[in-house]
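Proteins come first, then strands; the chains are lettered A, B, ... in the order of their sequence lines, and each starts at number 1.
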2 protein chains.
Amino acid sequence: MNLKQLSLMLELSQTTVSRALNGYPEVSEETRRRVTDAAKRHGYRPNPSARRLATGKAGMIGYVMPTGASVDIDPHFVEFLSGLGDYARGHELDLVLSPADALDEETTYRRIVANKQVDALYISAPYSADKRVALAHQLGIPFIVHGRSEGLEFDYPFIDIDNEGAFHDATRLLVQLGHKRVALINGDDTQTFAIFRERGVRRALSESGLVLEPKNIRSEVMTEENGYRAARRLLEAADAPTAIVCSSLLMALGIVRAARDLNLVMPRDLSLVSHDDVFHWLKPEHFSVPLTTTRSSIRAAGARVAERLAARISGLEDGARGEIWPVDLVVRGSISGVR
Amino acid sequence: MNLKQLSLMLELSQTTVSRALNGYPEVSEETRRRVTDAAKRHGYRPNPSARRLATGKAGMIGYVMPTGASVDIDPHFVEFLSGLGDYARGHELDLVLSPADALDEETTYRRIVANKQVDALYISAPYSADKRVALAHQLGIPFIVHGRSEGLEFDYPFIDIDNEGAFHDATRLLVQLGHKRVALINGDDTQTFAIFRERGVRRALSESGLVLEPKNIRSEVMTEENGYRAARRLLEAADAPTAIVCSSLLMALGIVRAARDLNLVMPRDLSLVSHDDVFHWLKPEHFSVPLTTTRSSIRAAGARVAERLAARISGLEDGARGEIWPVDLVVRGSISGVR
DNA sequence: ACGGCATTTCAAAGCGCTTTGGATGCCCTC
DNA sequence: GAGGGCATCCAAAGCGCTTTGAAATGCCGT
């Protein structure tokens, strides 16, 4: 059943039927009702390919997925997908994933924009002066950044959490508990979220006349193994830190293992605060010593990104508004006053 | 730059240019070269929307993503995505994710097929007599199942690992080490992979005259927490098992925690074998007691699925061939002879 | 010199929708 | 009763590609 058949059936022109269905004002309410009724009754659905060709709109949002033999997709990404689903389900909004060589994402960005494959883009885990953000801006396609980039010459719409505030508050709490030697086990520090987190830790320390010593800061891809390695190195040093702040539960897993290997009892010998992105499959309250965390759901952010992207596509949103979400500090058993 | 402009420029008809570019035989080699040269030089790229409208082919593969407020996307999914990227990158093959209400995926399947949004589908984590598989088969769209369904009236193409063999071999090893009371902590047992694994354990036990007692089998969504709960329940029972086989590293995490809470030393008091899907962020060799595992990379399977899907789209593959991949049994420190 | 047969090229008709630029009819005003 | 304004509706022209059916071209044998 296509438009032509439907219009023939209704003895109306395709124009009128199309307009009736798309809510244009220049069609009487009565015909509109006739049309929508008939459309529903016959299960008419406009062919998206035809519509796309005519309008240039794709009705989909895009994500360029960096891949490569030595590139692993972050498990945090599924949380984003869950969130996207929370919004997109019921809105018939699809996401097209375009795998790209991590070393040359630009080609893929250009391709999907030139091809009009998607109406808007989602960009995640930005770097400083992120090229993808600059490119999307330049190409003029609507987009939303999940996270923030710094050092760009223009404003852009984003959703981010208050990483600096979260890590500041966590560190301040540790300092208030008497910790002088606080270490940070961070994620990849070319990404802005890690930069902000480091900034937060530094600020909290300096507010009490303390410093984050270079040897007390580690940054690596957020895996269990890297958490373990970093913690071993920190904790075996001469002036080992008495408290660690880390960027992911995955790393926390490794840190706990390292502490155990070194016969350190938490929180007596080591206090630990981790950031928690809210995974359903690994929860901070279920660590052998329940973890104090800075908590912010990626899933919730994903839903919001989808919502704003949809708003941008339909023209309900424009401009470069950035949202910064506050982060909860959830205190559990993994921290205590310094001995 | 579109076809019309290009053909004008070359003083050829659109027909000829189109044919030259698409490798039809009825165009002389010389003109073909002229055309492809000019196309490259001017960066001509056929508009996919137009092509899609004309041919009905989308050039994309699809995945209907079950979502819902209480539905969490499995972190295993990112491994699949990495694998997909391994193949799709460089082939300009995109994946469209269509979020669907987990309780009504059929509507979404029908929509994306009716709309010709994708040329082929990927179906994962099938159930017995899986409705999605039946539906895809009935709708006549090419698809590949990652995993297997049972009790369907027809054959279909799939890629699966030898779950039964893997768990059989793991269990047999434990039995050979003297274990009589072996327990299984499985994933959701409405999914076929879990059914096969249980079958493998049972078969190995019965080969030695042993049985898998009902109280020694647990099946839940594969999370740390569920692993912990299941292990607690098993290990606190009267005739506690001396060995456990489990379906995921995530659950193994919880099992190890439970053992520790109960002051059981591994492998002295408890042997553990886990299935390992090969995550880069959590590795069995980096557990405090390195885990013996049945190992099979989801990522590799993802790449293969993408490859076969592409082959089906271009007509290079058809029929209902199923691939069953062998699984490695990797022995590490978490198992030992029974005391 | 001419018909027959490949080979190569083309004009035009879709694919199914949106949208431009009128028509048409009706009511109201002066 | 002419003219303007408004509400409805329509024919037809795209959007950029593929593909059908036919035409032009060149070559061969007779």
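- When the side-chain nitrogen and oxygen atoms of Thr15(B) are compared with OP1 and OP2 of dA11(C), none of them lie within a distance under 4.0 Å.
- Pro46(A) places none of its side-chain heavy atoms less than 4.5 Å from the side chain of Asn2(A).
- Listed pair Tyr24(A) / dT19(C) meets the phosphate criterion, a side-chain N or O lying under 4.0 Å from OP1 or OP2.
- You'll find that the side chain of Asn2(B) is closest to dG16(D), out of dG16(D), dT9(C), dC17(C).
- Closest contact between the side chain of Asn47(B) and the listed nucleotides dG21(C), dC15(D), dG16(D) involves dG16(D).
- Closest to the Leu53(A) side chain, of the nucleotides dT8(D), dC17(C), dC15(D), is dC15(D).
- Glu26(A) has no carboxylate O lying under 4.0 Å from a charged side-chain N of Arg32(A), or vice versa, which leaves the two without a salt bridge.
- For the pair Gln14(B) CD and dA12(C) C1', the computed distance is 10 Å after rounding to whole Å.
- Among the protein residues, Gln5(A) comes within range of no part of the nucleic acid, since none of its heavy atoms lies under 4.0 Å from any strand.
- Taking NE2 of His137(A) as the start and OG of Ser149(A) as the end, the distance is 12.5 Å to the nearest 0.5 Å.
- Here the nucleotide nearest the side chain of Arg19(A), chosen from dT9(C), dT20(C), dC15(C), is dT20(C).
- Here dG16(C) is the nucleotide among dT19(C), dT19(D), dG16(C) with the atom lying nearest to any side-chain atom of Ala54(A).
- Heavy atoms of Thr31(B) sit under 4.0 angstrom from primed sugar atoms or phosphate atoms, though from no base atom.
- Relative to the axis of its first five pairs, the axis of the last five pairs of the helix from dA1(C)-dT30(D) to dC30(C)-dG1(D) sits at 60°, rounded to 10 degrees.
- Under the 4.5 Å side-chain criterion, counting only non-hydrogen atoms from C-beta, His91(A) is not in contact with Glu307(A).
- Residues Asp119(B) and Ile61(B) are not in side-chain contact: their nearest non-hydrogen atoms beyond the backbone lie 4.5 Å or more apart.
- One interatomic measurement links the two molecules: CZ of Arg33(B) to P of dT8(C), which rounds to 13 Å at whole-angstrom precision.
- In terms of position along DNA chain C, the nucleotide closest to Thr16(B) lies nearer the 5' end than the nucleotide closest to the other residue of the pair Thr16(B) and Thr55(B).
- Residue Glu11(A) is classed as a sugar-phosphate contact, given heavy-atom separations below 4.0 Å to backbone atoms only.
- Under the 4.5 Å side-chain criterion, counting only non-hydrogen atoms from C-beta, Leu3(B) is in contact with Tyr44(B).
- Note: CE (Met1(B)) to C1' (dC17(D)) measures 15 Å, nearest angstrom.
- The residues Lys131(A) and Glu106(A) are annotated as not salt-bridged, no charged nitrogen and carboxylate oxygen being separated by less than 4.0 angstrom.
- One can place CG of Leu10(A) at 15 Å from C1' of dC10(D), the figure rounded to the nearest angstrom.
- The shortest distance between the side-chain N/O atoms of Ser18(A) and the OP1/OP2 oxygens of dT18(C) is below 4.0 Å.
- Looking at the side chain of Leu12(A), the nearest of the listed nucleotides dT9(C), dC9(D), dG16(D) is dC9(D).
- What separates CZ of Arg34(A) from P of dC9(D) is a distance of 9 Å, to the nearest Å.
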